[in-house]
Amino acid sequence: MERIGPRRVLVTLVALGAGVFLLGAGLMRLETRLTGVAGQFRAERCEISESRHGDDGLLCSGSFEAEDGAFRIAQIEVETTFDEKPTEPVAATVDGPSATVAVEHRLGAWLAPGATGLFCLLVAAWNVWSALRRRRGSGSPTASDTAEAGRSQQSPA
């Protein structure tokens, strides 16, 4: 029976953790987008969000006003980075009048983290499935079984 190496265990644990986190973030953003209150975000303060990959952006905070004028939030952050400080209002959605974070109206705001999280969970599931299949013995010969059988046939009797 073959042991599972520490590298594969580590990859599985990282993929599982990242998958749960990213899929959860994507689903929360999608829920806000579908059931929240639409309105306009106005950026007041922005600061540089440095990235190791060189694609720095601006994280902005400001105010939010519901489309129907039912409420206004004086201090809120938006879950995205901008290339430059928005001079016009940005379409966004919040969970309600007590929200502290707004979600921008873009498909990528929820789809990118959700899809990445789903992919990570699939990687973790594949690793677990293949490890369990290998432990049980799938009935098909492994590469080491085939090599050993070949050596025993070639040795003189």
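This chain uses plain numbering: 1 for the first residue, then up along the sequence.
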key: side-chain contact (heavy atoms from CB on, under 4.5 Å) partners of Ile48, counting only residues at least two apart   = Glu50, Asp56, Leu58
Test side chain to side chain contact (heavy atoms under 4.5 Å, CB included) applied to Arg45 and Gln75, step by step = CA-CA 10 Å; Arg45 286 172 304 288; Gln75 184 64 27; 2.5 Å; yes
query = Roughly how far apart are Thr87 OG1 and Arg42 CZ, rounded to 0.5 Å?
reply = 11.0 Å
ask   = To the nearest 0.5 Å, how far apart are CG in Leu27 and CG in Leu118?
value = 9.5 Å
task = Find out whether Phe82 and Glu104 are in side-chain contact, i.e. whether some heavy atom of one side chain is under 4.5 Å from a heavy atom of the other.
result = yes
Distance-only donor-acceptor hits, side chain of residues 90-100, under 3.5 Å, sequence neighbours excluded:
unit_1, atom_1, unit_2, atom_2, d
Thr93, OG1, His105, NE2, 3.0
Asp95, OD1, Thr32, OG1, 2.8

Only pairs under 3.5 Å count here: list side-chain donor-acceptor contacts from residues 61-72, not counting sequence neighbours, and write none if there are none.
unit_1, atom_1, unit_2, atom_2, d
Ser63, OG, Glu44, OE2, 3.2
Ser63, OG, Arg72, NH2, 3.3
Asp68, OD1, Ala70, N, 3.0

remark   = Residues at least two apart in sequence or cross-chain that pass disulfide bond (SG atoms under 2.5 Å apart) with Cys60, listed by chain then number, are Cys46
task = Supply the atom-to-atom distance Cys120 SG to Leu22 CG, rounded to the nearest 0.5 angstrom.
result = 6.0 Å
message = Could you report the tightest heavy-atom contact between Lys85 and Ala43, atom names first, then the distance?
response = CE-O, 3.8 Å
task = Enter the distance from Gln40:CD to Glu88:CD here, rounded to the nearest 0.5 Å.
result = 10.0 Å
request  = Please check if Leu13 and Val11 belong to a single hydrophobic cluster, counting links between Ile, Leu, Val, Met, Phe, Trp and Tyr side chain heavy atoms closer than 4.5 Å.
outcome  = no
request  = Spell out, yes or no, whether Val78 and Val103 are grouped together once hydrophobic residues are joined by side-chain heavy atoms under 4.5 Å, including indirect joins.
outcome  = no
key: Non-neighbouring partners of Leu59 that pass side-chain contact (heavy atoms from CB on, under 4.5 Å), sequence neighbours left out   = Ser49, Thr81
Gap between atom OG1 of Thr12 and atom CG of Leu16 - 0.5 Å precision = 8.5 Å
query = For Phe21, which residues count as a side-chain contact (heavy atoms from CB on, under 4.5 Å) partner, sequence neighbours excluded?
reply = none
